[in-house]
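As C-alpha cells, the structure follows; a few thoughts come after it.
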Amino acid sequence: MINLTAVLSQSSAPADLPAAVRAALGKPLRRAAPLTQLALVGALACLPSERRQLPTALLWQSTSGPRLETLTLLDEVCSGSAEPMPYDFLATQPAIAAAQIQSFLPGLQTATHLPLDSEGSANWSLLLSLAIIWLDEGRCAQVLCAQLDHTADAASGHWLALSRAPLENSLAGLHLAQDTASEQLHDRLPDTPDVPSRLADWLARNDNATLSLQSPAAMRRTVEFTRL
Amino acid sequence: MTRPVFIAKTALFCARGDSPATVASALWNGECSAGQRKLGERAFPYFGLPLDEANWIVRAEQALRQVAGQLGPLPPETPLFIASSSFQIGHFEQLGAPFDLPLATASFSQKIGEWMGLNGAKYSFSNACISGFSALDAARSLIAAGLIDDAIVLGVELANDSTLAGFAAMELLSRTAGRPFDARRDGLVLGEAVAAVHLSAKPATWRIAGLRTGLDGYSTTGPNPDGSRIADVTVNCLNDANLKATDIELIKLQAAGSPATDLAEANALRSVFGQRMPPLISLKPGLGHTLGASGVAELAALLACLDADKIPATAGFSKVDPEIALFPMVERSTEHIERALLNLIGFGGGLASLIVERHG
C-alpha cells in the first residue's frame with residue numbers, strides 16, 4: 001500500500017506568482033516561466049524541508065502547457081526577424097521547469113511532462129498508476145503528481161504527493177485494484193483536472209471506505225484510495 | 001506482478017528511409033546527406049522527410065499513415081503513447097497570425113490517433129529530447145505491471161521554424177554537419193522523424209531489459225560537464241536490467257555534435273565503463289537530431305542494424321578530441337550484439353538510458 005501524504009490545490013492570478021515564489025524561497029526565481037513558478041510553489045508546499053532530499057519523481061500534466069509563451073514565440077518567429085529571444089524560446093519548453101526547481105528540491109531525480117489533448121480531461125489515472133508502480137519497485141521514495149495550468153487570467157496547481165513509507169500525517173492509502181467496472185460499490189472519481197480537490201472533499205467526508213478513480217477501458221486495474 | 005516487456009515491431013520514417021530496414025541499409029552504406037532549411041538570412045543543414053507535400057497538416061497525415069502502415073493492423077483500442085517536443089506548431093506557423101492555438105497543448109494527439117486508427121487511451125509526452133524514452137518508460141511500466149498487454153509508442157517530430165529558430169538563437173546548431181565526439185564539432189543538425197515501437201507482453205526477439213530517466217538541473221541547456229548525473233542514470237539502468245557494465249556490447253550515444261553535451265556524455269561513460277569501453281556509435285550524423293522523436297527513431301534504426309548484424313560506422317567523426325578521448329566506430333562491423341545501451345541527453349535537463357537485450 002502506497003501512502004498519500006499531501007493533497008493540495010492552489011490558484012492565483014498569474015501576476016501574483018512571483019510573490020508566491022518569493023514567499024516560498026525567500027528570494028525571487030529569475031527567468032522562470034509561469035509553469036516553473038507553479039511547479040516550484042506547489043512542490044515546496046507538498047514536501048516539508050526534511051523530505052526534499054529524498055529520491056523524488058515528478059509527473060505533471062497540463063492542459064494549457066506553455067500556450068501563452070508559444071504564442072509569443074510564434075509571433076517572434078513568423079512576424080519578426082526569424083530568430084526569437086533565447087529566453088522566449090526556453091519559456092516554451094516545459095521540460096525546463098523540473099531542471100529549474102531541482103536546486104530547491106535536491107532529491108528530484110526525474111520528471112515527466114504530459115501535455116493533455118482535450119480540455120476538461122486529465123491523466124491522473126496514468127500518473128498515479130505509474131507512481132504506485134515506481135514506488136512499489138523502489139525506484140524512488142516519493143512521487144509528486146500534478147496538474148499545472150496557466151492562462152492570461154488564472155494560474156492553478158493541483159497536487160498529490162505519494163510516499164512509499166507511511167508518514168505520521170498520511171491521509172490515505174492507495175493501490176492498484178482489480179478493475180471491476182460493473183461493480184458500483186462506491187464512488188468513482190472522474191479523471192478531471194481537479195481530482196485533488198475532489199479527493200480532499202472525499203477525505204473531509206466520512207462515508208465510503210474506498211474511492212476509485214476512473215481509468216481508461218484498456219487498463220486492467222484502477223487506482224483505489226483507502227481511508228486509513 | 002512484473003513481467004518482461006518485448007519489442008514486437010518497429011516502424012520508422014525519416015530522412016534516410018521509409019522503414020527500419022531501409023534506414024539501417026542506408027546507414028550501413030554511409031549515407032548521411034542532409035538538405036537545408038532557411039531561417040531569415042541564415043541556412044542550416046536539415047534532415048527532412050522525403051515528402052513533397054507543402055501543406056503541413058496533409059504532410060503530417062501522410063507521414064503518420066506511412067508509419068501506421070508499417071505497423072500493420074492493430075486492435076483499435078491499443079493504448080497510444082505519443083512523444084513530441086513540438087506537436088503541430090508547424091501547422092500554426094503555416095496558417096499564420098492570428099495564431100489560433102488550441103486550448104489543449106496536445107490536441108494534435110487526437111488527430112494522430114485518428115490517422116493511426118487507434119481510438120483507445122492516448123497519452124502525450126513532451127520532455128524535450130528524452131520524450132521518446134519517457135513515453136517508453138510509461139508504457140513499459142504499465143505492461144510490466146500487468147495493467148495493459150500492448151502499447152504503441154510513437155515519436156513525432158515534424159518540420160517547423162520555431163524549434164529551429166530557438167536552437168539557432170541559442171547558437172546550438174552547426175552550419176555544416178553533426179560531428180559526434182569530434183574535435184571539430186560545433187553543434188547539432190536537426191531533423192524530422194516519425195517512428196513507432198509496438199511494445200508487448202508477448203515474447204519477441206528483443207526485450208527492454210532496463211530503462212531509467214533522470215534529471216540534471218545544472219543548466220537549462222546542458223548537463224553538468226562532469227557527467228555525474230548521466231552516469232547515475234546509466235548505472236540505475238544497468239541495475240534495472242540486472243546487468244554489469246561489462247555485459248554491454250554496444251552503446252548508441254546521444255552524441256549529436258554538441259560541444260558541451262558530448263563532453264559530459266564522454267565523462268559519464270568513462271566513469272561507468274572505465275577502461276572496458278564498449279564500441280560506440282552515434283546515429284545522428286545520418287538521421288539528424290530528431291528531438292522528441294529521437295529516442296523511438298534511433299531505437300528502431302538501431303534494432304534494424306542489429307537484426308541484420310550490420311553496425312554502421314559513425315559518419316562525421318574523424319578527429320579525436322583530446323578532452324573527450326573517446327571515439328565512435330569509424331569502421332562498419334558485423335559483430336552479433338546481444339545487449340546494447342542507448343543514451344539520451346535532453347535539452348532542459350532530461351536524461352535517459354535504455355538497454356535492449358535479445359530474448360531466447
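Lettering of chains follows the sequences in order, A, B, ..., and the numbering in each one begins at 1.
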Between [options], which shows the greatest number of heavy-atom pairs under 4.5 Å with chain A?
{"options": "B/G214, B/G350, B/A352, B/G349", "value": "B/G214"}
{"options": "B/G96, B/G346, B/A138, B/P98", "value": "B/A138"}
{"options": "B/F347, B/F125, B/F92, B/F99", "value": "B/F99"}
{"options": "B/G113, B/G120, B/A128, B/S126", "value": "B/S126"}
{"options": "B/N236, B/L164, B/D137", "value": "B/D137"}
{"options": "B/L101, B/I148, B/T220", "value": "B/L101"}

Let's go through B/S85 and B/E157 carefully: what are the C-alpha distance in whole Å and the side-chain angles of both, what is the deciding distance for side chain to side chain donor-acceptor pair (under 3.5 Å) to 0.1 Å, and is it a yes or a no? CA-CA 7 Å; B/S85 77; B/E157 204 69 48; 2.8 Å; yes
At a 4.5 Å cut-off on heavy atoms, which part of [X] comes close to chain B: side chain, backbone, both, or neither?
{"X": "A/P86", "result": "both"}
{"X": "A/L116", "result": "backbone"}
{"X": "A/S121", "result": "neither"}
{"X": "A/P55", "result": "neither"}
{"X": "A/I133", "result": "side chain"}
{"X": "A/T112", "result": "both"}
{"X": "A/L176", "result": "side chain"}
{"X": "A/Q61", "result": "neither"}
{"X": "A/E119", "result": "both"}

Taking [options] one by one, which has the highest count of heavy-atom pairs under 4.5 Å against chain B?
{"options": "A/L74, A/I96, A/T63", "value": "A/L74"}
{"options": "A/M85, A/R67, A/Q93, A/Q100", "value": "A/R67"}
{"options": "A/L58, A/L126, A/T70, A/I132", "value": "A/L126"}
{"options": "A/P115, A/A111, A/A99, A/S103", "value": "A/P115"}
{"options": "A/S64, A/S215, A/P66", "value": "A/S64"}

Residue pair [X] / [Y], side-chain donor-acceptor N/O under 3.5 Å:
{"X": "A/Q142", "Y": "A/R51", "answer": "yes"}
{"X": "B/S134", "Y": "B/N127", "answer": "yes"}
{"X": "A/T226", "Y": "A/T210", "answer": "no"}
{"X": "A/H150", "Y": "A/E69", "answer": "yes"}
{"X": "B/D150", "Y": "B/T78", "answer": "no"}
{"X": "B/S107", "Y": "B/Q88", "answer": "yes"}
{"X": "B/S86", "Y": "B/T163", "answer": "no"}

Under a 4.5 Å heavy-atom cut-off, does chain A meet the side chain of [X], its backbone, both or neither?
{"X": "B/S84", "answer": "neither"}
{"X": "B/E93", "answer": "both"}
{"X": "B/D149", "answer": "both"}
{"X": "B/F167", "answer": "both"}
{"X": "B/S141", "answer": "both"}
{"X": "B/P102", "answer": "backbone"}

Taking the basic N atoms (NZ, or NE/NH1/NH2) and the acidic carboxylate oxygens, is any pair closer than 4.0 Å for [X] and [Y]?
{"X": "A/E137", "Y": "B/R140", "result": "no"}
{"X": "B/R37", "Y": "B/D161", "result": "yes"}
{"X": "B/E61", "Y": "B/K111", "result": "no"}

Please check if atom CE in A/M1 has more than 12 non-hydrogen atoms from other residues, nucleotides or ligands closer than 6.0 Å. yes
According to the interplanar angle, ranging from 0 to 90°, do the rings of B/W115 and B/F108 count as parallel (below 30°), tilted (30 to 60°) or perpendicular (above 60°)? perpendicular
Determine whether a donor-acceptor pair (N or O, by modelled atom type, separation under 3.5 Å) exists between the side chain of B/R212 and the backbone of B/L238. no
Cation-pi check, B/R175 to B/F44: give yes when NZ or CZ is under 6.0 Å from the six-membered ring centre and within 45° of the ring axis, no otherwise. yes
